[in-house]
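Given the structure is predicted, the values throughout are model-derived calculations rather than measurements. The chains referred to below are lettered A, B, ... by the order of the sequence lines, with proteins before strands, and numbering in each begins at 1.
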Number of protein chains: 2
Amino acid sequence: MPDLAALEILLAVARAGTLSGAGREVGLTQQAVSARLAALESRTGVRLATRTTRGATLTAEGVVVAQWADRLLRLAEEVDTGLAALRSDSRSRLRVSASLTVAEHLLPSWLVALRADAARRGETPVRVVLTATNSDHVIEQVRDGSADLGFIEGVTVPAGLRSRVVARDSLVLVVTPDHDWSSIPVAELAATPLVTRESGSGTREVLTVALRDAGLEQVEPALELSTTAAVRAAVLAGAGPAVLSRLAITDDLAAGRLREVPVAGLSLERELRAIWTGPRTPPAGAVRILLSHIHS
Amino acid sequence: MPDLAALEILLAVARAGTLSGAGREVGLTQQAVSARLAALESRTGVRLATRTTRGATLTAEGVVVAQWADRLLRLAEEVDTGLAALRSDSRSRLRVSASLTVAEHLLPSWLVALRADAARRGETPVRVVLTATNSDHVIEQVRDGSADLGFIEGVTVPAGLRSRVVARDSLVLVVTPDHDWSSIPVAELAATPLVTRESGSGTREVLTVALRDAGLEQVEPALELSTTAAVRAAVLAGAGPAVLSRLAITDDLAAGRLREVPVAGLSLERELRAIWTGPRTPPAGAVRILLSHIHS
DNA sequence: GTGGAGTCACAAGGACGGCTTGTGACCGCG
DNA sequence: CGCGGTCACAAGCCGTCCTTGTGACTCCAC
């Protein structure tokens, strides 16, 4: 299990060029930085930086590890920002209520962007309080004023609320990389036993309805599981193809763990919307600022 | 800074359904699990799981945090596998030498897939020893036998070596999401001051050559920086557009931090190749197994 | 040439966090 | 009604990690 603090120190060393400078940057002494870096090197068995009497520079391996660390720490920062936004005790600024899909995959990076922007302007960042529930409850919370801003998924625009499309999600057919499909007609998809969520899940409904609209009836699933994560794991383990939200598997697609198979004649798009009450344009400064970071 | 161990415990609780079961799964006592989970909840100020006298189930917020944790821990596992592969002391199995681009962005997930596959078959995973350098040195190491397998970038196939394309990388023009470009002709790209790497860098050369081939001359850069990460940060900070490897910014594209702008009449593809010596098909079992996880 | 300011590394001491063991309260089931 | 399961609280202990103090070394200015 990698040590995030040590990786952060490595990045500080890369930026500062000296151990002491890195120490000042992260608020530690030079000795502590030296020890942590030595510990990281001992864990990997590779020299990550060459120390001279006048500074320290990363080796080639050090650059690679720094790159890995950078990705990891960026994601960790997103998670941390998300965790901070979950704090409910603070009776503060912008109350955001979001559906699970948005909260899980999109909001953290928006919040980081929001905070970075405030830092760039020298302002104190808006404090965001996040609640995560299903879309119906989000609508309810925005209606009754217990949330200033909501994020929902689904095709219908709730009556009496203002809204704006902030992102699109689509369900995609995915297989393991060694699968022989490259592109299939929609009829073959309907005839294939899939790994799916249990009946009643939103993702599964969308697919069923779309196939029914196309005049097709689905065969029985190969496997029914109760969470998207479990479905994803089953596909990776070779249990069969699945239709999943693209947002949930961008990492896997980028890393080549999963492969997307286009289905001719089928499009399963759904819109993710920001919703709020009141005037047509987003009301308070806070809401507008957050939305200004989100481009559909 | 989030606590990876605590997040892992949260996932174990989600899987097991009880704190004690989670404890058995991660090798801790029930009391330790209870304390760590309580600490995590106190950090967020939100109840992540409801404890009954007969188990524990995640709340809606808990599910969201678990999803974040899952992404973060997957990436952490990749980094950890990469770190393990850097260990040089073990005089062991498969010596892999890779260019920086491949080592930074692709190899970790391949190694995780390799290990997971071995675990699924019940075999002990191949021990991989990784060296990261530039493409020329990779070729040299494969030639002189100090590496069993190499990964390089570039258009030319080295003479005397077998090779296979394992992935493609392309340079893409990226801007901040609020930029007004949607698609531009190649002449406008050449006339735009960009944030770039310093002269002599591979990425910069590729762009310069491609523009020269198109009969265009580039204007002076807006800013010259020495690492890809610095260029990326400058673009995010609004310093201007840049042309970067798509592999280095997939996260940013997915999160909407950066936006890709198609350039009409310009394609900057480069192939990433596995190289080895000897017979036409990959030789030892180990090499073939690793390659079987990589599909171009 | 020599002192000063910078670099990094080694050693000793102390504080804090986190795990274990021990125990108690509660619930359901046979 | 006891037994097996759940989780929470308390005390003690161990290890990690940071700080302070010190030494070796290099470069530079005087």
From [atom1] of [X] over to [atom2] of [N], roughly how many Å is that when rounded to an integer?
{"X": "B/Arg43", "N": "C/dG17", "atom1": "CZ", "atom2": "P", "result": "13 Å"}
{"X": "B/Leu28", "N": "C/dG17", "atom1": "CG", "atom2": "P", "result": "18 Å"}
{"X": "B/Leu37", "N": "D/dC9", "atom1": "CG", "atom2": "P", "result": "12 Å"}
{"X": "A/Arg36", "N": "D/dT16", "atom1": "CZ", "atom2": "C1'", "result": "9 Å"}
{"X": "A/Glu8", "N": "D/dC18", "atom1": "CD", "atom2": "P", "result": "13 Å"}
{"X": "B/Ile9", "N": "C/dG17", "atom1": "CD1", "atom2": "P", "result": "16 Å"}
{"X": "A/Leu48", "N": "C/dC8", "atom1": "CG", "atom2": "P", "result": "15 Å"}
{"X": "A/Gln30", "N": "D/dT22", "atom1": "CD", "atom2": "C1'", "result": "12 Å"}

Any salt bridge between [X] and [Y], counting N to O under 4.0 Å?
{"X": "A/Arg197", "Y": "A/Glu224", "result": "no"}
{"X": "A/Asp3", "Y": "A/Arg43", "result": "no"}
{"X": "B/Arg257", "Y": "A/Glu78", "result": "yes"}
{"X": "B/Arg115", "Y": "B/Glu77", "result": "yes"}

Among the nucleotides [options], which one has an atom lying closest to any side-chain atom of [X]?
{"X": "B/Thr53", "options": "C/dC26, C/dT20, D/dT19", "result": "C/dC26"}
{"X": "A/Ser20", "options": "C/dC8, D/dC7, D/dT19", "result": "C/dC8"}
{"X": "B/Gln31", "options": "D/dC9, D/dC27, C/dC19", "result": "D/dC9"}
{"X": "A/Arg24", "options": "D/dC18, D/dC7, C/dT7", "result": "C/dT7"}
{"X": "B/Ala56", "options": "D/dA8, D/dT19, D/dC7", "result": "D/dC7"}

Do the side-chain N or O atoms of [X] get closer than 4.0 angstrom to the phosphate oxygens (OP1, OP2) of [N]?
{"X": "A/Arg54", "N": "D/dC25", "answer": "no"}
{"X": "A/Ser34", "N": "C/dA9", "answer": "yes"}
{"X": "B/Thr29", "N": "C/dT20", "answer": "yes"}
{"X": "B/Arg51", "N": "D/dA8", "answer": "yes"}

Hey, which of these two, B/Ala35 or A/Ala5, hits DNA chain D nearer its 5' end, going by closest nucleotide?
-> B/Ala35
Go through the steps for B/Glu104 and A/Arg71 under the test salt bridge (Lys or Arg N to Asp or Glu O under 4.0 Å), then give the verdict.
-> CA-CA 10 Å; B/Glu104 286 169 353; A/Arg71 287 182 60 196; over 6 Å; no
